[in-house]
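Since the structure comes first, as C-alpha cells, the remarks are kept for the end.
None of these values were measured; they are calculated from a predicted model.
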Amino acid sequence: MNIFDIYLDKIKNLIKKLNDKGLIELPESLKGINVDIPPPNFDYDISTNVSMVLSKINRKSPLDIANQLIDLIKKEDSYIENITVAKPGFINIKFNKTYWNNFVKEIHTNYKKFGVNNKEKKQKYLIEFVSANPTGPLHVGHCRGAILGDVISNILLFNNHVVLKEYYVNDYGNQIVSFTKSVFFRIKEILNNEKFPIENPDLYPGDYLIEIAKNIISNNKKLNFDKFENISDKLTIIAVSESLKLIKENLKSLGINHDNFISETNIVNNKEVESVISKLKEKDFIYQGKIEAPKSENGKDWVKRKQLLFKSTNFGDDKDRALQKSDKSWTYFASDVAYHNNKLDRNFDILINILGADHAGYIKRITSAVEAISGTKNKLICKVSQLVKLIKDGKPFKMSKRKGDYITVEDLVSEVGKDATRFIMLNRSSDVELDFDFTKVKEKSKDNPLYYVQYCYARISSVFRHVNIDINKELKFNNYNFEYSKDEIKILKKISEWPKCIEVASSKLEPHRIPIYLYELASDFHSYWNMGKDNTDKRFINEKKIISNEKLVFLKIISNVIKSGMKIVGVDTPEKM
RNA sequence: GCGCUGCUAGCUCAACUGGAUAGAGCACCAGAUUUCGAAUCUGGGGGUUAUAGGUUCGACUCCUAUGUGGCGCACCA
C-alpha cells in the first residue's frame, strides 16, 4: 500500500490514454514523472510534476497542461476532495474523508504487510560483512559495518528477499602466523614463566591473548608446547577458533547473527584459487608481467618483479593486480577472488560486501574480478562504512593498536547498551564520518534520538494501559467512518511515507533513513500529544476515562509502524521506560 | 602525484535517487507541568548549500575546474 505508487500509476495510465486519443505527446520515457509530498505549507496530501515533464514535448507551458489534466484526474477518482495547480506547474491533490478511512482500515488490518515493497523482484542475496581478522575480539571500528550489514539484511528480509549473512574468516597468511606466535609466547609465559617479547612489533600484545592461552592450555592438556614448529598448524586452528568464539560473542551482544562462516584456509586448501585462475586464464584476464611502483614509494625499496597479474585495468582499475607472491604463495587478493568465485557458484542473484573505509581502494579490483568471472556488471555491490570518531567528555578518543589500548565492542555495549549503539551508529548516512559521543549516548534525554522514539511508543502504551487494553492484541472494527482532524491527518500523511522510506532505504542500501524517519514520526506524535494539554478534546482519553475507537486505531497504527521500524533497526520498543 | 569520499545555520546532521519558501537537534532568547508519563511541547533569531562556471522549465542533488578535510594507493590482510 504505497499511495505514491498508486497515484503514479493512475496518472501514467491517464496520460497514456490521452496519448492514444492523440490529445498529447509523450516523451520517450516516463521515468521523470513522480508523485511526492508537497511542502508543508501547502495544505495538500500529494503532488505530481507530470505537467512539467510533458511541457517540452507538447510545446505548452506546464500550467496549461496541468489545467488540462486536473479535471480528468478528478473525474476518474472519487477520493479527491480538491485538486489544484500551483506555480511552476505542480498538481496538488487533497484527499477526502473516505480516502483516509480506507487508508487507516487497510494498514490497520494488514499491518504486517504495510511498508513491504511488492514491486521488487524477489532475489537471493549474499551479504558479507564484518569479516574482521580472527586475531582477537572486535573493537569499535568494526561495529558500524557490522550494524550496517545487519540492518541492510533486515530490510531485505522485510521485503521478502532471501538473504544469507556470511562472515569470511581470514585465517590464512602472515597475520595469522604472527597471531599464532603471540599465542604461543603467551602459553610459554604461563607454563615456563618466559617473558613475552613485548618489544617485537609483529606480535599482538593485547591482554586477551592471555585468556586465550589459558583456555588453550586447559583444554589441550596432551599437547606439547615446547617447539613452535611442531605444533604451529594445530595451534593455529585452535587459536583461531578461540578468537572466533570471542568474535561471535561480541556479535551476539550487538544482536547480530551470521548464517555462515567460511574459512579462507579451506578455500586455499581446496585448490579453489588454482581453479579460478585457470578459469580467468581461459578468458584471457591473466598474464605474467610487471607493475609500476606507486608514486608514494619514492621508488626506493621498490623492486620490479615479474609476477602473475590480473587484468583489472580492463574494468577501469588504475593498475593490474598481483595474484602470487615471489615465494609462489597466493596473495590475499587471489584467495579473495577464489572466495568470490565460490559465492558465484552458489547461485546468488546479488552479492553485497560491507567494507570499512580503509578498504575502499580495494573495491575496484574485487568488483572487476567478479565481473570477469561472472560476465555481468553490478553483480557485486560494495558498501563502504566510514570511520567512527569516538568522543568522550567532549574530547576525541584515540585508539592505538600497538599499545593494545582500544575500545572493544564488549566495553562499548556494557557501557551504552546494544540499542543505543545500534541506533546511533545508524543515525547517519554511512558515507559520512560519525561522531560517537559516549557521554551523550548514555544520556537519557532529548539529545538521544533512541529514547525520543522509544518514549513515543511508551506513551502510546501508557494510553492502552489506562484503558485496560492489551497493546499487543489486535483490535477489531467494522465501521471505519472517522472524522480526522488536520493534526491527525498530518500524522497519517507521515505514516503514508513509510513504504517510500523502506523503498529508498532498500534500493540505495541506506538504512539510516529508517531511524531518521522514525524520529520524524515520533516528533509529529509528541507534538500532537502535547496539544492535549491546552485542549482536552485532543486527549486520547476523555474525562469519563473512555477512548474512542477512532483514537484507538489511530494510536495503534502509529505504534505498529514504530514497532516494525524499530524491529528492522534491531532495537526494543519498551512499553515503560 | 593518482584514486575514493565528504564540504549545507555557531556545532552535529537531514533533505524522499533533479522539484515549490533548504529542514531537525544542540547552543542562545522567551514561554507551557493540578498531565492520557515534561525522557515532552510552543514561539523567536540564525543560510549566497565551500568557490566559479555549465547542463534545464527547475540544481544541495548532475557535469567541469578550484579550494579544503578524511581514507587509501604492497608480494600486508
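- Contact annotation for A/Arg459: backbone-only contact, meaning every heavy-atom pair under 4.0 Å involves sugar-phosphate atoms and none involves a base.
- Proximity note for A/Tyr455 (side chain, C-beta onward) versus B/A14, B/C71, B/G37: the nearest is B/G37.
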Taking only nitrogen or oxygen atoms into account, show me every contact under 3.5 Å that the protein makes with nucleotides 18-22 of chain B, one pair per line with its distance.
| residue | atom | partner | partner atom | Å |
| --- | --- | --- | --- | --- |
| B/G19 | N7 | A/Asn49 | ND2 | 3.1 |
| B/G19 | O6 | A/Asn49 | ND2 | 3.4 |
| B/A20 | N6 | A/Ser47 | OG | 2.6 |
| B/A20 | N6 | A/Asn92 | OD1 | 3.1 |
| B/A20 | N1 | A/Asn92 | OD1 | 3.2 |
| B/A20 | N1 | A/Asn92 | ND2 | 3.2 |
| B/U21 | OP1 | A/Lys87 | NZ | 3.0 |
| B/U21 | N3 | A/Asn41 | ND2 | 3.1 |
| B/U21 | O4 | A/Asn41 | ND2 | 3.2 |

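- Computed from coordinates, the A/Tyr332 OH to B/C73 P distance equals 14 Å when rounded to whole Å.
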Inset, instruction - Go ahead and write out RNA chain B as dot-bracket, 5' to 3': ( ) for pairs within the strand, [ ] for ones crossing earlier pairs, | when the partner sits on another strand, dots for unpaired; Watson-Crick or G-U wobble, both distances under 3.5 Å. - result: (((((((..((((.....[...)))).(((((.......))))).....(((((..]....))))))))))))....

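- Dashed line: the shortest gap from a side-chain N or O of A/Tyr517 to OP1 or OP2 of B/A15 is not under 4.0 Å.
- A/Lys494 has its NZ atom 13 Å from the P atom of B/G23, to the nearest Å.
- Going from the P atom of B/G45 to that of B/G10 covers 15 Å, rounded to whole Å.
- With respect to the salt-bridge test (charged N to carboxylate O, under 4.0 angstrom), the residues A/Glu166 and A/Lys343 do not qualify.
- Counting to the nearest Å, the P atom of B/C13 and the CD1 atom of A/Ile424 are 13 Å from each other.
- The side chain of A/Lys533 lies closest to B/U40 when the candidates are B/G70, B/U40, B/A77.
- Rounded to a whole angstrom, the distance from the P atom of B/A22 to that of B/A59 is 12 Å.
- Nucleic acid contact class of A/His359 (heavy atoms, under 4.0 Å, all strands): base.
- Distance noted for atom C1' between B/U68 and B/U51: 11 Å (whole Å).
- Classification of the A/Tyr484-A/Phe554 ring pair by plane angle, with boundaries at 30° and 60°, yields tilted.
- Of the candidates B/C36, B/C76, B/U5, B/C36 carries the atom nearest the A/Trp529 side chain, counting heavy atoms from C-beta on.
- Rounded to whole Å, the C1' atom of B/C2 lies 35 Å from the corresponding atom of B/C16.
- Side chain of A/Lys325, nearest nucleotide from B/G37, B/C76, B/C71: B/C76.
- Atom CG of A/Leu521 is separated from atom P of B/U40 by 16 Å (rounded to the nearest Å).
- Mapping A/Ser326 and A/Phe540 onto RNA chain B by nearest heavy atom places A/Phe540 closer to the 5' end of the strand.
- Out of B/A77, B/A14, B/U17, the shortest distance to the side chain of A/Lys508 is found at B/U17.
- A/Tyr339 pairs in a ring-ring contact (aromatic ring centres under 6.0 Å, His included) with only one of the listed residues (A/Phe333, A/Tyr172, A/Tyr332, A/Tyr168), which is A/Tyr168.
- Here the two rings, on A/Phe464 and A/Phe540, have centers that are 6.0 Å apart or farther.
- Residue contacts shown for A/Tyr362 include a base, since a base heavy atom lies under 4.0 Å away.
- With 3.5 Å as the limit, one finds no donor-acceptor pair spanning the side chains of A/Thr84 and A/Asn92.
- Separating the P atom of B/C62 from that of B/G1 is a span of 25 Å, rounded to the nearest Å.
- The gap from the P atom of B/G58 to that of B/G47 amounts to 26 Å, rounded to the nearest Å.
- Using a 4.0 Å heavy-atom cutoff across all strands shown, A/Ser55 reaches no nucleic acid atom at all.
- Comparing B/A14, B/A77, B/C41 by their nearest atom to the side chain of A/Asn170 picks out B/A77.
- Looking at A/Ser243, its side chain does come within 3.5 Å of a backbone N or O of A/Gly136 through a donor-acceptor pair.
- As a whole-Å value, the separation of A/Tyr452 OH from B/C26 C1' is 14 Å.
- Atoms CG (A/Leu552) and C1' (B/C36) sit 12 Å apart, rounded to a whole Å.
- Put simply, CD on A/Gln386 is 15 Å from C1' on B/C13, counting in whole angstrom units.
- When the nucleotides B/G37, B/C41, B/G72 are ranked by their closest atom to the side chain of A/His526, B/C41 comes out on top.
- Side-chain contact annotation: A/Tyr362 with A/Asp336, donor-acceptor N/O pair under 3.5 Å present.
- Picking from B/A77, B/A15, B/C36 the nucleotide with the shortest atom distance to the side chain of A/His512 gives B/A15.
- A/Lys56 comes within contact range of the sugar-phosphate backbone alone, with a heavy-atom separation under 4.0 Å but no base atom that close.
- Here A/Lys490 pairs with A/Asp524 under the side chain to side chain contact (heavy atoms under 4.5 Å, CB included) rule; sequence neighbours left out.
- Listed by chain and number, the residues in a side-chain hydrogen bond (donor to acceptor under 3.5 Å, both in side chains) with A/Ser263 are A/Asp171 (sequence neighbours excluded).
- A/Asp435 contributes no side-chain N or O that forms a donor-acceptor pair with the base of B/U12 under 3.5 Å.
- Nearest-nucleotide positions on RNA chain B for A/Asp171 and A/Lys500 put A/Lys500 closer to the 5' end.
- For the OP1/OP2 pair of B/A15 and a distance below 4.0 Å, the side-chain nitrogens and oxygens of A/Arg513 include at least one atom meeting the criterion.
- For B/U17 and B/U12, the C1' atoms lie 24 Å apart once the distance is rounded to whole Å.
- The distance from atom CE of A/Met577 to atom P of B/G37 is 14 Å, rounded to the nearest whole Å.
- Nearest approach of A/Ile91 to A/Ala66, heavy atoms of both residues: CG1-CB, 3.8 Å.
- Residue A/Thr331 is classed as a sugar-phosphate contact, given heavy-atom separations below 4.0 Å to backbone atoms only.
- Listed by first and then second residue, the salt bridge (charged side-chain N to carboxylate O under 4.0 Å, His left out) pairs involving residues 532-555 of chain A are A/Asp487-A/Lys538 (not counting sequence neighbours).
- Under the 3.5 Å distance criterion, the side-chain polar atoms of A/Thr367 are left unmatched by any main-chain donor or acceptor of A/Asn378.
- Taking only side-chain atoms of A/Asn174, from C-beta outward, the nucleotide of B/A14, B/C4, B/A77 with the closest atom is B/A77.
- On the P atoms, B/C71 is 30 Å away from B/A27, given to the nearest whole Å.
- Sorted by first and then second residue, the salt bridge (charged side-chain N to carboxylate O under 4.0 Å, His left out) pairs involving residues 495-512 of chain A (not counting sequence neighbours) are A/Asp36-A/Lys500, A/Lys119-A/Glu503, A/Lys494-A/Glu497, A/Glu510-A/Arg513.
- At B/U40, none of the side-chain N or O atoms of A/Ser527 fall inside 4.0 Å of OP1 or OP2 (strictly under the cut-off).
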